[in-house]
2 protein chains.
Amino acid sequence: MHELYFQKFNEKVRLTETEQERIKTYLTYKKLRRKQYLLQEGDVCKFIAFVEKGALRAYSVDDSSAEHIIQFGLEGWTISDLYSFLTGEPATYNIDALEDSELVLISKSAHEELLLTMPKYETFTRLNITGAYLAMQRRLTSIIGSSVEERYQDFIALYPHIAQRVPQHMIASYMGLTPETLSRIRKRISTNK
Amino acid sequence: MHELYFQKFNEKVRLTETEQERIKTYLTYKKLRRKQYLLQEGDVCKFIAFVEKGALRAYSVDDSSAEHIIQFGLEGWTISDLYSFLTGEPATYNIDALEDSELVLISKSAHEELLLTMPKYETFTRLNITGAYLAMQRRLTSIIGSSVEERYQDFIALYPHIAQRVPQHMIASYMGLTPETLSRIRKRISTNK
DNA sequence: AAAAAGCATTGACTTGAATCAATGCTTTTG
DNA sequence: CAAAAGCATTGATTCAAGTCAATGCTTTTT
């Protein structure tokens with residue numbers, strides 16, 4: 001039920017059986033059907049979600065009601081509107097399930113208590129956010145400095161599992177492109193080699 | 001000499017005089033003249049730099065030798081090629097001074113030792129990286145979801161002090177635009193209201 | 001103090017992505 | 001299982017940003 005969560009935890013910070021049991025008391029488990037929302041824009045984000053199984057996306061909706069995917073969350077990844085979670089402000093992102101999914105949730109009070117009382121949890125949290133920061137910086141660098149072709153190829157190389165499971169128009173959205181443009185770029189890439 | 005560093009530290013995690021003195025033994029101080037490099041692409045990034053005074057930029061250079069600014073570092077901010085610092089891989093960014101600057105540096109071994117032996121330092125680190133993550137996420141969201149006009153206005157609203165101190169073509173670079181385009185956008189904004 | 005370098009602006013033109021529209025295919029749903 | 005919804009592709013056109021080039025101004029450098 002929390003296998004993957006603790007596997008990932010132990011890869012970063014080694015836990016004893018007892019510590020693991022203790023952390024379990026702070027976690028809740030949630031199943032989500034495809035298309036169900038974990039979070040809707042405007043609500044306060046009450047959890048950080050760890051994806052045990054399935055796939056989710058976080059996205060914002062602009063004035064012309066176009067969706068912009070800011071993040072995918074597949075097995076082993078964490079997904080949340082962190083700003084809303086930390087500040088208690090209304091969320092600016094929506095999060096919903098792309099497939100039937102199973103999540104490990106941690107509430108704000110649980111998160112805060114673990115941070116204060118369990119150094120290993122703080123270390124785990126620090127390493128997670130550091131990884132997320134580095135991943136996002138890579139993405140930003142490639143948006144600012146590379147051609148769309150390169151960016152798409154980098155994306156495929158880096159996240160082949162996402163490319164396989166997620167419809168192409170969502171990858172376009174993640175890249176800040178229209179579906180038509182991405183389709184043409186794929187064509188250009190495949191004919192030019 | 002380290003006033004601002006400890007001011008920021010204390011805003012996040014309260015330190016005793018003794019703790020402060022202990023941390024000081026791990027820090028070094030460095031002055032940089034305008035245009036001097038703190039880090040060059042290809043070298044390994046040996047420090048995290050905290051800006052006590054002055055202004056720096058981190059940027060990458062693409063195939064056509066165009067510069068892309070990934071981050072500014074003004075007083076009170078931290079600047080580094082974090083990926084290179086953490087992994088020991090060659091840096092992909094350059095960092096140089098936009099003005100004569102004064103920096104508080106922490107080396108990797110100092111950083112690691114403090115993380116292991118001083119919980120407050122780990123908390124400080126976690127809060128810093130969390131703040132950096134949230135700032136970058138906001139930037140990414142606005143790149144993906146907003147028009148260039150909006151993005152420029154948001155930038156000015158959020159970082160008025162940067163806009164005042166940094167040449168306009170660097171703001172264009174930070175936004176992923178050419179200087180000409182930014183100039184035209186400013187004109188459009190000023191005439192349309 | 002003069003020369004050089006750096007910077008912002010403007011104009012003319014080109015290029016790349018968005019938009020609008022249509023088609024065929026596949027997956028979901030009632 | 002039939003209808004509907006979702007999806008990828010292609011074509012024609014529009015529009016926004018990039019490129020190239022020139023000018024005038026300001027700041028640095030010598």
Side-chain angles (χ1 to χ4, degrees), chain A residues 32-36 54-55 57 59 61-69 72 96-101 142-153 155-156 162-192, chain B residues 32-36 54-55 57 59 61-69 72 96-101 142-153 155-156 162-192:
Chain A
L32 224 55
R33 293 305 235 32
R34 185 171 135 84
K35 297 197 175 175
Q36 276 191 321
R57 84 228 244 238
Y59 61 97
V61 178
D62 70 19
D63 330 307
S64 33
S65 66
E67 295 175 359
H68 303 280
I69 295 179
F72 291 110
D96 64 15
L98 300 176
E99 308 171 359
D100 296 352
S101 300
S142 106
I143 289 183
I144 288 183
S146 307
S147 72
V148 203
E149 269 90 345
E150 283 169 330
R151 281 169 55 203
Y152 179 70
Q153 315 225 53
F155 176 84
I156 298 297
I162 298 186
Q164 278 158 18
R165 276 167 74 177
V166 160
Q168 196 174 298
H169 72 273
M170 289 192 185
I171 293 169
S173 165
Y174 179 86
M175 295 183 63
L177 303 174
T178 60
E180 293 95 328
T181 297
L182 182 56
S183 171
R184 289 181 178 115
I185 281 158
R186 282 162 49 85
K187 193 179 182 184
R188 228 181 313 173
I189 289 172
S190 66
T191 58
N192 283 20
Chain B
L32 224 56
R33 293 302 234 35
R34 186 171 134 82
K35 296 196 177 175
Q36 276 192 322
R57 85 230 243 237
Y59 61 97
V61 178
D62 70 20
D63 329 309
S64 32
S65 67
E67 295 176 358
H68 302 281
I69 296 180
F72 291 110
D96 64 15
L98 300 177
E99 309 171 0
D100 295 354
S101 300
S142 104
I143 289 182
I144 290 184
S146 308
S147 73
V148 202
E149 270 90 345
E150 284 169 329
R151 281 168 56 203
Y152 179 69
Q153 315 226 54
F155 176 84
I156 296 297
I162 299 186
Q164 277 159 17
R165 276 167 75 177
V166 159
Q168 197 174 297
H169 72 271
M170 290 193 185
I171 294 170
S173 165
Y174 179 87
M175 295 183 63
L177 301 174
T178 60
E180 294 95 328
T181 297
L182 182 56
S183 171
R184 288 180 180 117
I185 281 157
R186 281 162 49 84
K187 192 178 182 186
R188 228 180 314 172
I189 288 172
S190 66
T191 58
N192 284 17

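Residue numbers begin at 1 in each chain, while the letters A, B, ... track the order of the sequences.
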Determine: side-chain N/O of [X] to OP1/OP2 of [N], distance under 4.0 Å, yes or no.
X	N	answer
A/Ser183	D/dT9	yes
B/Gln168	C/dG6	no
B/Lys187	C/dT10	yes
B/His169	C/dA8	yes
A/Thr178	C/dA18	yes
A/Arg188	C/dA17	yes

What is the distance from [atom1] of [X] to [atom2] of [N], rounded to the nearest Å?
X	N	atom1	atom2	answer
A/Met170	D/dA8	CE	C1'	14 Å
A/Ile144	D/dA17	CD1	P	15 Å
B/Ile171	C/dC7	CD1	C1'	13 Å
A/Glu99	C/dT27	CD	P	14 Å
B/Glu150	D/dA17	CD	P	12 Å
A/Arg184	C/dC20	CZ	P	14 Å
A/Arg33	C/dT28	CZ	P	13 Å
B/His68	D/dG18	NE2	P	11 Å

Any non-hydrogen side-chain atom of B/Phe155 less than 4.5 Å from a side-chain atom of B/Ile162? yes
*asked:* For a quick check of understanding: with a heavy-atom distance under 4.0 Å over all strands, which category does A/Leu177 fall into, base, sugar-phosphate or nothing?
replied: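 A/Leu177: backbone/sugar contact only, no base atoms under 4.0 Å.
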For B/Arg186 and for B/Lys35, locate the closest nucleotide of DNA chain C by heavy-atom distance; then report the residue assigned to the nucleotide nearer the 5' terminus.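 The answer here is B/Lys35.
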Heavy-atom nearest nucleotide on DNA chain C taken for A/Arg34 and for A/Ser147; more 5' hit belongs to A/Ser147
Using a 3.5 Å distance criterion without hydrogens, assess whether the side chain of [X] forms a donor-acceptor pair with backbone atoms of [Y].
X	Y	value
B/Thr181	B/Leu177	no
B/Gln36	B/Arg33	yes
A/Ser101	A/Ala97	no

Do B/Asp96 and B/Lys35 meet the salt-bridge criterion of a basic N to acidic O distance under 4.0 Å?
-> no
Item to check | A/Glu180 (side chain) and D/dC7 (base): donor-acceptor pair under 3.5 Å | outcome: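 A donor-acceptor contact between them is absent.
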